[in-house]
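Quantities reported herein were computed from a predicted structural model and do not represent experimental measurements.
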Amino acid sequence: LFKWLPGRGYAFAKPLGLLLTSTILWIGASLGVLKNTTGGIVVALVATAGISLWFYLRDSTENAQALLDFVRERWRLVVTVEVLFGVAFVAWAVLRAYAPDKIMTSGGEKFMEIAFLNATLESVRFPPHDPWLSGFAISYYYFGYVMMALMTRLSGAASGVGFELYDALIFALTAAGAFGVVSDLVAGRARESAGEGQPRRHSHLGAGHLRAGLLGALFVAVLGNL
């Protein structure tokens, strides 16, 4: 999908994977084809992998070695994204561990969100059960809780722990995504300024572009909150 970007969309792989897997589970459980269980999640994961493989192999001649070549040529990008994601995830998880009282100072909204998470975990079909009115479906936009419940169930964590870890996951995905957007924009702009005639898919991501991406992650994920 992003083969023309300098970073080939690597920084967006995690959020897109979560989004696509959750969408397949949501549609399947809404239509009664899948169940909102570990088995249903596994089926959604396999479907996501199959769709991704189909996109990759559409032109087998061109893409036969594309993935390995990408890792060899852009290993600095891969390492930077993974380290950034890991550091951001751990840092936010530690912050939440030392600030659990944030739930108490949010006007009670966090209790509602945990109730929706539990309702989604307990519902085999979608829409989830209403945690306040027995026998009725939830009357609220709930897809974010489907993604949260998917990760909570896969991790095997208790719902309260999964709630906090998903908070850290959103922070880490935001940082990595902002990095990808900014580094690609800077690299693409540098190519245009240089007047190169080569195809965009071969644009080089240098150390300066990676530093710009890290600065973008800092501004969006950290300074934006402040």
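In the hydrophobic cluster analysis, where Ile, Leu, Val, Met, Phe, Trp and Tyr join through side-chain heavy atoms closer than 4.5 angstrom, Leu121 is grouped together with Phe126. Under the 4.5 Å side-chain heavy-atom criterion for Ile, Leu, Val, Met, Phe, Trp and Tyr, Leu223 and Leu215 are members of the same hydrophobic cluster. Placement of Phe2 and Phe55 within a single hydrophobic cluster is found when ILVMFWY residues are connected by side-chain heavy-atom separations under 4.5 Å, directly or transitively. In the hydrophobic clustering of ILVMFWY residues, with side-chain heavy atoms under 4.5 Å counting as a link, Met112 and Tyr141 come out together. Cluster annotation: Tyr145 is connected to Ile27 through the hydrophobic network of ILVMFWY side chains, with a link wherever side-chain heavy atoms come within less than 4.5 Å.
Taking all atoms of both residues into account, the shortest heavy-atom contact from Arg125 to Leu34 is NH1-O, 2.8 Å. Taking all atoms of both residues into account, the shortest heavy-atom contact from Pro127 to Ile138 is CB-CG2, 4.3 Å. Shortest non-hydrogen contact noted between Met148 and Leu117 is SD-CD2, 3.6 Å. In this structure, Leu150 and Ser22 approach most closely via the heavy-atom pair CD1-OG, 3.8 Å. The nearest pair of heavy atoms linking Tyr142 to Ser30 is OH-OG, 4.3 Å. The two residues Ala47 and Ile24 come nearest to each other via the heavy atoms CB-CD1, 3.8 Å.
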Self-check item: Stepwise side chain to side chain contact (heavy atoms under 4.5 Å, CB included) check, Phe163 with Thr152
Solution: CA-CA 8 Å; Phe163 182 86; Thr152 300; over 6 Å; no
Quiz prompt | Evaluation steps, side chain to side chain contact (heavy atoms under 4.5 Å, CB included), between His129 and Thr120 | solution = CA-CA 7 Å; His129 303 304; Thr120 304; over 6 Å; no
Practice problem: Applying side chain to side chain contact (heavy atoms under 4.5 Å, CB included), run through Leu218 and Phe179 and close with a yes or a no. | Solution: CA-CA 9 Å; Leu218 177 67; Phe179 167 86; over 6 Å; no
Quiz item: Leu25 and Ile41: side chain to side chain contact (heavy atoms under 4.5 Å, CB included), yes or no, with the steps?
Solution: CA-CA 6 Å; Leu25 177 66; Ile41 294 175; 3.9 Å; yes
Practice problem: Under the ring pair (Phe, Tyr, Trp, His ring centres under 6.0 Å) rule, what do Tyr140 and Phe116 come out as? Steps first, then yes or no, please. | Solution: CA-CA 9 Å; Tyr140 195 78; Phe116 286 158; 5.0 Å; yes
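At least one donor-acceptor pair under 3.5 Å links the side chain of Tyr56 to the backbone N or O of Leu67. Judged purely by atom type and a 3.5 angstrom limit, Arg8 has no side-chain atom pairing as donor or acceptor with the backbone of Arg74. For the pair Arg96 (side chain) and Ala99 (backbone), a donor-acceptor distance under 3.5 Å is present.
Between the NE2 atom in His209 and the CZ atom in Arg76 there is a gap of 13.0 Å [rounded to 0.5 Å]. The distance from the OG atom of Ser52 to the CG atom of Leu20 is 6.5 Å, given to the nearest 0.5 Å.
In this structure, the side chains of Leu18 and Leu169 come closer than 4.5 Å at one or more pairs of heavy atoms. Contact annotation: the side chain of Leu165 never approaches that of Met151 to less than 4.5 Å [non-hydrogen atoms, C-beta and beyond]. Under the 4.5 Å side-chain criterion, counting only non-hydrogen atoms from C-beta, Phe136 is not in contact with Ser134. For the pair Ile170 and Thr174, the minimum side-chain heavy-atom distance is below 4.5 Å. With contacts defined as side-chain heavy-atom distances shorter than 4.5 Å, the pair Asn36/Arg153 qualifies. At a threshold of 4.5 Å between non-hydrogen side-chain atoms, the residues Phe143 and Trp26 count as touching. Counting heavy atoms from C-beta outward, Phe70 and Tyr10 have side chains that approach closer than 4.5 Å.
None of Val81, Asp184, Leu173 except one satisfies the side chain to side chain contact (heavy atoms under 4.5 Å, CB included) rule with Phe12; the exception is Asp184.
Judged by the 6.0 Å and 45° rule, Arg58 forms a cation-pi pair with Trp54.
Ser159 and Asn118 share a side-chain donor-acceptor pair at under 3.5 Å.
Within a 6.0 Å sphere centred on CZ of Phe219, heavy atoms belonging to other residues, nucleotides or ligands number 12 at most.
Classification of Lys14 and Glu82 as a salt-bridged pair holds, one side-chain N sitting under 4.0 Å from a carboxylate O.
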